[in-house]
Engineer: 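Below are the structure tokens for one structure; questions will follow.
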Protein chains: 2
Amino acid sequence: MREAGKRTRGRGTTARPGRPRQAEVARLAGVSQTTVSLVLGKKTGGAAISEETRQKVVGAAESLGYVPDPAARRLAAARNNLLGVFSFTATFPTDVQHSYYPFLVGVEQEAAAQGYDLVLFTGSSPGGTGGGTHALHRARLADGCLILGRHAPTAELCRLVAEGFPVVHLGRRDEPEGPAWVGADYVSASRGVVERLVALGHRRIVLVREDDEAPASTDREQGVREGLEEAGLPVGPEAVFRSADPARELTSDRVREWVADGVTAFVAEETDTSAAWRALNAALAEAGLNCPGDVSLALLGSPPPDAADGPTPAGFDIPRAQLGAAAVRLLAALVAGEQASEPLVACTFRPGDTLAPPRRTSPQPPDPLPGPRVPGRGRNRNTRTEQGEPTQ
Amino acid sequence: MREAGKRTRGRGTTARPGRPRQAEVARLAGVSQTTVSLVLGKKTGGAAISEETRQKVVGAAESLGYVPDPAARRLAAARNNLLGVFSFTATFPTDVQHSYYPFLVGVEQEAAAQGYDLVLFTGSSPGGTGGGTHALHRARLADGCLILGRHAPTAELCRLVAEGFPVVHLGRRDEPEGPAWVGADYVSASRGVVERLVALGHRRIVLVREDDEAPASTDREQGVREGLEEAGLPVGPEAVFRSADPARELTSDRVREWVADGVTAFVAEETDTSAAWRALNAALAEAGLNCPGDVSLALLGSPPPDAADGPTPAGFDIPRAQLGAAAVRLLAALVAGEQASEPLVACTFRPGDTLAPPRRTSPQPPDPLPGPRVPGRGRNRNTRTEQGEPTQ
DNA sequence: TTGTATGCGTTATCAT
DNA sequence: ATGATAACGCATACAA
């Protein structure tokens, strides 16, 4: 049935006119298609190919303007060199501030380096093929998949993971059976900040944070606690001020009280809103305390863009590009069947200009580093924030 | 030869564990693979499929998490719902200023709306499968492809186009056989700016531009000329100051001369460097002329970000997101085999605060509007910029 | 060293 | 209304 060449070409909707195939190159070069594949694929594969045939093939290919068909290549190779990127808010929101752009910088670079292209799954927006909660199904189109937003449908996600599909989440996750992830090492970074303060001579340091259970928050607190503990400083409740509404509850009176009580440095967590940081600055200003002089300040994260003109707060920056790159590396490793290693990426310390040694007028005894001194009403230091080391 | 199932799986380097295929869906549903393809492909193809089998198939596919393999689909000459994005500088450069981000905003939105996912081909960076000048080859994995940078290898590009592969370039192109494109309507926008100036009473207007042959430059000039002509104002060489090095050649003396000669308004083109605009401002400042008072100023484009604190220059903004969206719409149309329509996207006028009526002290006769002023838009006789409508 | 045969997953044609 | 079967273009185990 079917005469030769009956409908050999132009079957599909996208008729591809004269694209030369390996077979034609082969004919022109007087060799077999296999040889063409071998030569053009550069796969010396242990064996060699006579320089003569190689030349013939290359010449023929060139004169025909042969280019390999990626679809065919990928179909045959059983991989498509595609890494999916899933963001459960728009990947490119109109407000650049909240975008994943900084991560994408690293993602793209590393993907290119690893030889992958990126598939941007156009979010959970309607109109997409999958649509809605089933959006994740399209992920299988790629060799593996990167999750960006925090609002991925957990069930779907875990299903993918359970089925062995390589998935990496950008940002920490706590599910035991959840996807692999990479995240910033907030604990170490925060501890490092406290260490600097201690090194400068500060002995009473207060962390100001919002009332949030996000890992990003609890990690920072743990880091601060570790730093304090390490220096033998009190880690009791008086070391942390936690408020759901810092703007109102963090008053100038409260600040004055702290300072009178011997506090010489404040550390604020950084969040979407920077509420803690803003409130702290406002309260200090209202209390008439200025920053490097009267008290030292540090911000556990990058300053909000609208504060670009003030003094640069000391603290740390999240290496977003590196995080993106790390995520891609991890994903590539998973795709290749290798095992993943360290999911944490170190933050970089930002000296800023809000740090100084404490005023000597404070009521602190000038003793160096006191031992594990547990102050009067100190509850025990319960550093166990219990989120455990990442298992990935 | 070859026993059945001898090496059916795991041939490739990256064995993808359980990526379900249509055959497995078929087995689970108790039908043939063909039926699965029919059902999942929604191709009613003349025949119908019993609702019962359809349900079985859909159910099986869903429970298996089946997703069609894009490569296979492509190879079989079908569509992917994948749109390629090719940027010939990094898609996400570290310097956000120069990025395609604003375009991508629209691209993503419109792609989602049209039901496409995006494939970001990781630039011309080495390490990519194709690498170097052959980077464009990978495009064929998608149904069509968007070109972002200005440095795409023209030959390859035209080849794709010649072979009937849907390609849309973001930004004007002049090749007759080149890809379809969408671009900002600089001509109309520039003409509009001149019209405003004229409406304010300006009769002597000078365009300051760099020495560049890019369409973006010549279009602006043409728009200005059209605006002048329309108002019956002189469009001779004295209306355009063109310089390869405005910073040096656009002196304060030159500016004073113009003003003495009756010039009351300047229009500067906007480029990468904003050289014309900067030079103009510098010269005016040095000449002691201030802006809305002594002369009116307009900028044919968006002001450079580092000028954010000065007065907002009047002029127009390029609706980048809309451009991106328009590009996707066009590409989708091409993929669907439809014909393309209007490649130009209108810019939005920016009033700014650098415009005012001319000083009455100038030697202009206060006569109203001389000449054939056509107030309406008469949108073209136009744009005879000769790049013709895209032939796609 | 080169050629032969076969499969990758899908769509499309033609039989049933 | 379904099921075989043949491509699509390339890569590879295996034979020569």
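This structure is a prediction, so every number in the text was calculated from the model and none was measured. Reminder, nothing fancy here: chain letters follow the sequence lines and each chain counts from 1.
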Engineer: Atom CZ of Arg74(B) and atom C1' of dG9(D): how far apart are they, to the nearest Å?
Structural biologist: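 Answer to the nearest Å: 13 Å.
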Engineer: For the side chain of Leu75(A), counting heavy atoms from C-beta on, which of dC8(C), dT11(C), dG3(D) is nearest?
Structural biologist: dC8(C)
Engineer: For dA11(D), does either OP1 or OP2 sit under 4.0 Å from a side-chain N or O belonging to Gln22(A)?
Structural biologist: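 Result: yes.
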Engineer: Under a 4.0 Å threshold between the charged nitrogen and the carboxylate oxygen, would Arg74(B) count as salt-bridged to Asp69(A)?
Structural biologist: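 Arg74(B) and Asp69(A): not salt-bridged.
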Engineer: dT2(D), dA5(C), dT10(C): which one has an atom nearest the side-chain heavy atoms of Pro68(B)?
Structural biologist: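 Given the options dT2(D), dA5(C), dT10(C), the side chain of Pro68(B) is closest to dT10(C).
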Engineer: Between dC8(C), dT10(C), dT2(C), spot the one nearest the side chain of Gln33(B), thanks.
Structural biologist: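 Among the listed nucleotides, the one closest to the side chain of Gln33(B) is dT10(C).
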Engineer: Donor-acceptor pair, distance only, cut-off 3.5 Å: does the side chain of Asp117(B) make one with the backbone of Thr122(A)?
Structural biologist: yes
Engineer: With DNA chain D as reference, determine whether Thr53(B) or Ala23(A) sits nearer its 5' end, using the nearest nucleotide of each.
Structural biologist: Thr53(B)
Engineer: Round to a whole Å and report the spacing from CG of Asn81(B) to P of dT10(C).
Structural biologist: 15 Å
Engineer: Looking at residues at least two apart in the chain, or sitting in another chain, which of them share a salt bridge (Lys or Arg N to Asp or Glu O under 4.0 Å) with Arg173(A)?
Structural biologist: Glu175(A)
Engineer: Does a side-chain N or O of Ser37(B) approach OP1 or OP2 of dA12(C) to a distance below 4.0 Å, or not?
Structural biologist: no
Engineer: Check if the side chain of Ser32(A) and the base of dT4(C) share a donor-acceptor pair of N or O atoms closer than 3.5 Å.
Structural biologist: no
Engineer: In this structure, how many angstroms lie between the P atom of dT2(D) and the CZ atom of Arg54(B), rounded?
Structural biologist: 10 Å
Engineer: How long is the line joining NZ of Lys56(A) and P of dT1(C), in whole Å?
Structural biologist: 14 Å
Engineer: Using a 4.0 Å heavy-atom cut-off, does Val36(A) contact any base of the nucleic acid, only the sugar-phosphate backbone, or nothing at all?
Structural biologist: nothing
Engineer: Can you tell me which residue pairs pass the salt bridge (charged side-chain N to carboxylate O under 4.0 Å, His left out) test with a partner in residues 327-339 of chain A, sequence neighbours excluded?
Structural biologist: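 Those involving residues 327-339 of chain A are Glu110(A)-Arg329(A).
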Engineer: In whole Å, I'd like the distance from the CG atom of Leu38(B) to the C1' atom of dC14(C).
Structural biologist: 13 Å
Engineer: What is the distance, rounded to the nearest whole Å, between atom CD of Glu24(B) and atom P of dC8(C)?
Structural biologist: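 Checked: the CD to P distance equals 11 Å.
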Engineer: Does dA11(D) have OP1 or OP2 sitting under 4.0 Å from an N or O in the side chain of Thr34(A)?
Structural biologist: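 No.
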Engineer: OP1 or OP2 of dT11(C) less than 4.0 angstrom from a side-chain nitrogen or oxygen of Arg73(B), does that happen here?
Structural biologist: yes
Engineer: Round to the nearest Å and state the distance from Leu141(B) atom CG to dT10(C) atom C1'.
Structural biologist: 14 Å
Engineer: Which class fits the ring pair Phe121(B) and Phe86(B): parallel under 30°, tilted 30 to 60°, perpendicular over 60°?
Structural biologist: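 Ring orientation, 0 to 90° scale: parallel.
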Engineer: Is Thr35(A) close enough to dG3(C) that one of its side-chain N or O atoms is under 4.0 Å from OP1 or OP2 there?
Structural biologist: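 Result: yes.
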Engineer: In whole angstrom, what separates Gln55(A)'s CD from dT1(C)'s C1'?
Structural biologist: 16 Å
